[in-house]
Amino acid sequence: MRLFGSGGHLRHQRLQTVLTIAAIATAVALPVVLLGVGGGVSSHELSNLQNAGYQIVISAAGLHGIANAHRLTGQLLALPEVAAASPVLSIAVDAFPPGKGAVPSLAEGVIPDQFAPTLGPTEDGLFPQPLPLGDPTDLVHYDNGTYAGPATYDVLVSSPFAQAYHLAVGSTLGLAPVPNATEAVPYSVTGVFGVPLGTLGQTGAFALLLPLSDLQVMTGYARGAGTPVVDAADSVEVAAAGAVSTEPGALAALQRQIQAMVPYYTVSTLSQQAAQLQTAASVLTGFYLALSSVGLTVGLVFLALVLLRRVESDRRSIGIRRALGLPPRAVVGPVVAEGLAIAAIGAVAGIVGGIALVDGLAAWGSGAVQEAADLAIFVPATMAELAGAVVVLALVAGGLAARSALRLDLLEALR
């Protein structure tokens with residue numbers, strides 16, 4: 001047998017071979033994409049947790065669900081085991097660079113002197129120190145919950161944003177909660193912070209950092225009639241002091257102490273989050289493989305049918321070899337070898353195609369798709385195991401065809 005055949009009368013066999021390779025390649029490309037992207041995103045999130053500058057996170061259900069963030073920060077800082085407590089409010093706003101229309105941006109409101117100590121070693125060098133956002137404590141504008149104090153109207157912009165719109169320290173940038181220039185408030189750009197390459201998509205890279213109280217007032221999460229959450233934040237990141245940060249027992253005790261202070265919020269350590277993330281990643285990997293097995297099964301069934309069809313079409317040649325007394329492996333060897341070759345070519349094509357697809361999404365995708373594709377990781381050992389599994393399973397298809405060849409009736413085959 002020949003893999004692709006030659007001559008016009010074998011054109012149909014060549015088409016069968018090409019379609020079988022395409023079926024196997026498509027089935028292999030699916031787990032390549034799922035495992036590469038899923039594994040990359042999980043590894044990225046796990047790395048962020050392991051390199052964070054804080055150890056405990058307070059979170060709440062709902063949209064911007066932590067209330068009275070400034071007061072809670074003061075209560076946490078009163079604990080001797082707490083070195084820093086950084087409330088963070090993340091909201092999409094619209095920025096208006098000079099002479100430009102609305103630019104969707106991700107704004108984060110922070111307390112400057114609390115945000116910096118919770119930065120990990122990979123992030124610390126990306127921000128100017130100290131953060132040039134006016135009042136370090138953000139208590140002047142907050143003014144004991146009245147928000148009647150003077151606002152700084154300072155903002156830090158990410159380096160991609162600054163480069164795209166030619167912003168520098170001293171530039172003016174309008175910010176508004178809606179894409180309406182008449183509602184924009186002018187902010188002074190007081191600094192630029194870096195964004196690690198490959199961690200954010202183009203839109204996400206357009207990030208802003210401003211005082212927590214300023215962002216709360218701008219977006220309606222400060223205090224007033226109809227305020228959904230008063231003095232709101234999405235989370236509070238707590239950095240433990242001294243040896244508490246590295247001693248599991250002391251850290252667990254601090255977690256319980258904070259949980260008693262905020263019984264209606266979720267208080268977790270990063271080690272717990274990392275364990276949960278690893279468990280979730282394992283479950284997703286199993287799901288990806290189960291989902292992919294459906295496509296692989298279809299591809300290998302297709303391969304088995306093609307090999308059985310080849311045995312049927314070459315039955316006379318097989319009968320002659322058997323009648324001449326050739327050993328079984330010489331009779332069925334070409335059938336099994338052809339199946340293995342088709343499976344190997346399909347597996348390699350699927351791996352290459354899956355990687356190319358992810359690269360294409362990273363280059364030309366948009367939003368979250370591009371961000372996730374940028375994080376994809378293709379582990380050579382995993383790809384080799386996937387290709388090896390396909391080739392081993394192809395032995396089953398080849399075995400079925402070989403069994404059929406050895407069971408042919410010689411008289412019928414030679415007729």
Side-chain angles (χ1 to χ4, degrees), residues 64 69-70 73-74 84-100 102-119 123-178 180-195 200 204-223 231-237:
H64 320 305
H70 284 86
T73 299
S86 174
V88 178
L89 175 64
S90 300
I91 301 182
V93 300
D94 287 282
F96 296 85
K100 304 292 183 180
V103 178
S105 308
L106 177 64
E108 286 200 345
V110 300
I111 297 177
D113 67 352
Q114 297 301 307
F115 177 73
T118 59
L119 294 173
E123 298 174 329
D124 186 62
L126 302 175
F127 293 85
Q129 301 293 342
L131 292 179
L133 289 175
D135 175 25
T137 64
D138 195 40
L139 294 178
V140 176
H141 183 209
Y142 174 67
D143 194 15
N144 294 316
T146 65
Y147 293 87
T152 61
Y153 296 119
D154 292 338
V155 63
L156 270 64
V157 299
S158 64
S159 51
F161 197 173
Q163 294 170 5
Y165 294 100
H166 309 290
L167 299 173
V169 174
S171 300
T172 299
L173 181 68
L175 299 178
V178 292
N180 187 343
T182 60
E183 297 189 25
V185 175
Y187 277 70
S188 175
V189 176
T190 56
V192 176
F193 62 91
V195 175
L200 293 170
F206 287 172
L208 311 170
L209 201 67
L210 58 156
L212 176 60
S213 59
D214 288 11
L215 184 59
Q216 289 172 332
V217 171
M218 181 196 310
T219 55
Y221 286 94
R223 180 180 296 276
D231 187 12
D234 293 302
S235 64
V236 180
E237 300 165 352

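Along the sequence shown, residues carry numbers from 1.
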Considering non-hydrogen atoms only, spot the tightest contact between [X] and [Y] and give its length.
X: Ala176; Y: Ala184; result: CB-CA, 3.7 Å
X: Ser90; Y: Leu106; result: CB-CD1, 4.4 Å
X: Leu210; Y: Ala107; result: CD2-CB, 3.9 Å
X: Pro136; Y: Pro112; result: O-CD, 3.3 Å
X: Asp143; Y: Ala148; result: OD2-CB, 3.6 Å

Would you give the length of the straight line joining atom [atom1] of [X] to atom [atom2] of [Y], rounded to the nearest 0.5 angstrom?
X: Tyr187; Y: Asp154; atom1: OH; atom2: CG; result: 9.5 Å
X: Leu173; Y: Phe161; atom1: CG; atom2: CZ; result: 5.0 Å
X: Thr182; Y: Phe96; atom1: OG1; atom2: CZ; result: 8.0 Å
X: Ser213; Y: His70; atom1: OG; atom2: NE2; result: 5.0 Å
X: Phe127; Y: Leu119; atom1: CZ; atom2: CG; result: 5.5 Å
X: Ile111; Y: Leu131; atom1: CD1; atom2: CG; result: 12.0 Å

Find out whether [X] and [Y] are in side-chain contact, i.e. whether some heavy atom of one side chain is under 4.5 Å from a heavy atom of the other.
X: Glu183; Y: Val178; answer: yes
X: Gln216; Y: Asp138; answer: no
X: Leu167; Y: Pro98; answer: yes
X: Leu212; Y: Tyr142; answer: no
X: Pro150; Y: Val140; answer: yes
X: Leu175; Y: Val185; answer: no
X: Tyr165; Y: Val157; answer: no
X: Phe193; Y: Ser159; answer: no

Side-chain donor or acceptor of [X] paired with backbone N/O of [Y] under 3.5 Å:
X: Thr190; Y: Pro132; answer: yes
X: Asp94; Y: Ala102; answer: no
X: Ser105; Y: Val103; answer: yes
X: Glu108; Y: Val88; answer: no
X: Gln114; Y: Ala85; answer: yes

Checking side chain to side chain contact (heavy atoms under 4.5 Å, CB included) for the pair Tyr147/Asp231: CA distance, chi angles, key distance, verdict?
CA-CA 10 Å; Tyr147 293 87; Asp231 187 12; 3.1 Å; yes
Show the numbers, then the answer: is there a side-chain hydrogen bond (donor to acceptor under 3.5 Å, both in side chains) between His141 and Asp214?
CA-CA 8 Å; His141 183 209; Asp214 288 11; 2.9 Å; yes
Taking atom types as modelled, find out whether Asp135 and Thr137 have a side-chain donor-acceptor pair closer than 3.5 angstrom.
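A pair is found: one side chain offers a donor N or O, the other an acceptor, under 3.5 Å apart.
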